[in-house]
Chemist: 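Pasting in a structure now, in structure tokens, and then I'll have a few things to ask.
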Amino acid sequence: LESIITAFTLSALSLEGARSSQRQMMASSWLIMIASLSFSYSKPVDVLDKVRPLSSLFHPAVFISMLGQAIIHLVCMSYAVNLATTHMGPERLREVVEFHKRDDEAEAAAMAAGDEEEEWDFWSMWEKPFLPNLMNTVIFLVETAQIIAILFVNYKGRPWMNGLMENHSLFLSIFLCVALVGVCAWGYFPALNSMIHLEAFPDDYFRWQVMVLVGASVVGTFVWDRLVVAIFAQPIFNAMLVSAKKTTIKDLLPIFTTVAKVAGGLLLLGTGNPLLWMGAYWAYRKFRTSE
């Protein structure tokens, strides 16, 4: 599913003569990498359920679910591309094409002059020229939300693996990614949008259209997947439903504790005082020992 979404977005950008920003790709890769690692290293439950998971990728509950998810994502992305290109207009699209053409010519000239022997490092990629535009911004936000939706929807959790709320790193990374999409769409931090080459949306109506597409990708695929499982693998759906009903407000407390620890650690690092770091580490070790 991730490959299909990435291939479609690259094709859509290439057809309009645009491209992705290096900063955007690095920013999204860092966030998605954390979620992917959390997905891969999730732990099984202590007591196995009597209902066994599906053993074939071609089972209707899996195959039809994947097919439906791909269709939902592609329809939302196609609408997002049409929405952005319509608002940009042909003149703005030509401006983007001309900018990248000049950038390619400058890069080719530099390589011809012998500069190609220079090593590419982080800062050379970070400082690569880029013209922020509406289509690139919309595609970046929708694509990021869709890739996160793939992890969220296809992580089944209980009754075989720890639930989503028990996998704190996965839950927090998914939540933060979706929250950052909303923050960037509303432009609460203009410096952040400027840093990752995002262009401001023209108005609130356009902004809500994009967020509806994000919601349709996340919620739509989740509802579709669970509906297919309920139809073609009812025992598994019933077991998942029983596990979900056991979730209480107390299950959220460890998540808030983890958030507080991360926030406290970032605040301590932000002080730049090694003495505070050592004191906090000593206090934490003493607290853990007392437990």
Side-chain angles (χ1 to χ4, degrees), residues 1-5 8 32 34-80 141-179 181-182 210-252 254-255:
L1 287 174
E2 291 183 14
S3 299
I4 292 173
I5 293 171
F8 185 86
I32 294 170
I34 297 173
S36 299
L37 288 174
S38 303
F39 185 96
S40 302
Y41 290 96
S42 55
K43 298 179 181 179
V45 295
D46 297 330
V47 180
L48 295 178
D49 193 88
K50 62 180 180 179
V51 178
R52 293 294 179 260
L54 301 174
S55 59
S56 174
L57 292 175
F58 296 98
H59 190 282
V62 178
F63 185 77
I64 296 177
S65 173
M66 292 295 177
L67 183 62
Q69 290 180 55
I71 293 174
I72 293 173
H73 287 316
L74 292 180
V75 168
C76 290
M77 183 60 73
S78 178
Y79 186 86
L141 294 179
V142 175
E143 180 187 15
T144 301
Q146 289 183 343
I147 293 177
I148 287 299
I150 293 173
L151 298 175
F152 167 66
V153 172
N154 295 287
Y155 182 80
K156 296 300 189 288
R158 288 186 175 271
W160 310 293
M161 310 293 291
N162 284 340
L164 184 62
M165 293 184 180
E166 296 171 297
N167 192 336
H168 296 171
S169 55
L170 178 61
F171 177 84
L172 292 175
S173 56
I174 290 175
F175 175 79
L176 286 176
C177 282
V178 175
V181 168
V210 174
M211 293 309 297
V212 166
L213 292 175
V214 170
S217 291
V218 177
V219 179
T221 52
F222 178 82
V223 172
W224 169 258
D225 175 76
R226 297 309 188 261
L227 178 62
V228 171
V229 172
I231 295 174
F232 295 102
Q234 191 171 6
I236 292 178
F237 180 79
N238 291 336
M240 294 170 63
L241 198 60
V242 170
S243 299
K245 289 180 179 179
K246 295 179 181 179
T247 304
T248 62
I249 298 179
K250 291 183 179 180
D251 296 324
L252 298 176
I255 296 177

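Hydrogens, waters and symmetry mates are skipped; everything else that's a heavy atom, side chains included, is used. Fair warning: this is a prediction, and the values are worked out from it, not measured in the lab.
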Chemist: Grab the two heavy atoms, one from Ala149 and one from Ser217, that are nearest each other, plus how far apart they are.
Modeler: CB-O, 4.0 Å
Chemist: Could you report the tightest heavy-atom contact between Ala145 and Val218, atom names first, then the distance?
Modeler: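 Looking at all heavy atoms of both residues, the shortest contact is O-CG2, 4.1 Å.
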Chemist: Taking all heavy atoms of Leu54 and all of Ala61, pick out the closest pair and write down the distance.
Modeler: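 Closest heavy-atom pair between Leu54 and Ala61: CD1-CB, 3.7 Å.
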Chemist: In residues 68-76, what donor-acceptor pairs under 3.5 Å come from side-chain atoms, sequence neighbours left out?
Modeler:
{"residue": "Gln69", "atom": "OE1", "partner": "Asn154", "partner atom": "ND2", "Å": "3.2"}
{"residue": "Gln69", "atom": "NE2", "partner": "Ser65", "partner atom": "OG", "Å": "3.0"}
{"residue": "Gln69", "atom": "NE2", "partner": "Asn154", "partner atom": "OD1", "Å": "3.3"}

Chemist: Please output the side-chain donor-acceptor pairs of residues 231-242 that fall under 3.5 Å, not counting sequence neighbours, one pair per line with the distance.
Modeler:
{"residue": "Asn238", "atom": "ND2", "partner": "Gln234", "partner atom": "O", "Å": "3.3"}

Chemist: Taking salt bridge (charged side-chain N to carboxylate O under 4.0 Å, His left out) as the cut-off, I'd like each qualifying pair that reaches into residues 51-68, sequence neighbours left out, listed once.
Modeler: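 Qualifying pairs, neighbours excluded: none.
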Chemist: With rounding to the nearest 0.5 angstrom, report the CD1 to CD1 distance, Ile147 to Ile174.
Modeler: 12.5 Å
Chemist: Sequence neighbours excluded, which residues qualify as ring-ring contact (aromatic ring centres under 6.0 Å, His included) partners of Phe152?
Modeler: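 With neighbours one apart ignored, the set is Phe222.
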Chemist: To check you understand the geometry: which heavy-atom pair defines the closest contact between Pro60 and Val228, and what is its length?
Modeler: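 Closest approach of Pro60 to Val228: O-CG1, 3.7 Å.
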Chemist: Going by ring pair (Phe, Tyr, Trp, His ring centres under 6.0 Å), name the pairs with one or both residues in residues 44-63, residues two or more places apart or in two chains.
Modeler: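 Pairs touching residues 44-63 that pass the test: none.
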Chemist: Over all heavy atoms of both residues, which pair between Val62 and Leu57 is shortest? Give the atoms and the distance, please.
Modeler: CG1-O, 3.5 Å
Chemist: Can you tell which of Val181, Val219, Thr144, Ile148 makes a side-chain contact (heavy atoms from CB on, under 4.5 Å) with Val214?
Modeler: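 By the side-chain contact (heavy atoms from CB on, under 4.5 Å) criterion, Val214 pairs with just one of Val181, Val219, Thr144, Ile148: Val181.
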Chemist: According to the salt bridge (charged side-chain N to carboxylate O under 4.0 Å, His left out) rule, which pairs have a member within residues 223-238, sequence neighbours left out?
Modeler: Lys156-Asp225
Chemist: Does Phe8 form a side-chain contact (heavy atoms from CB on, under 4.5 Å) with Glu143? I'd like the steps, not just the answer.
Modeler: CA-CA 10 Å; Phe8 185 86; Glu143 180 187 15; over 6 Å; no
Chemist: Heavy atoms only: give me the nearest Met211-Gly182 pair and the separation to one decimal.
Modeler: CE-CA, 4.0 Å
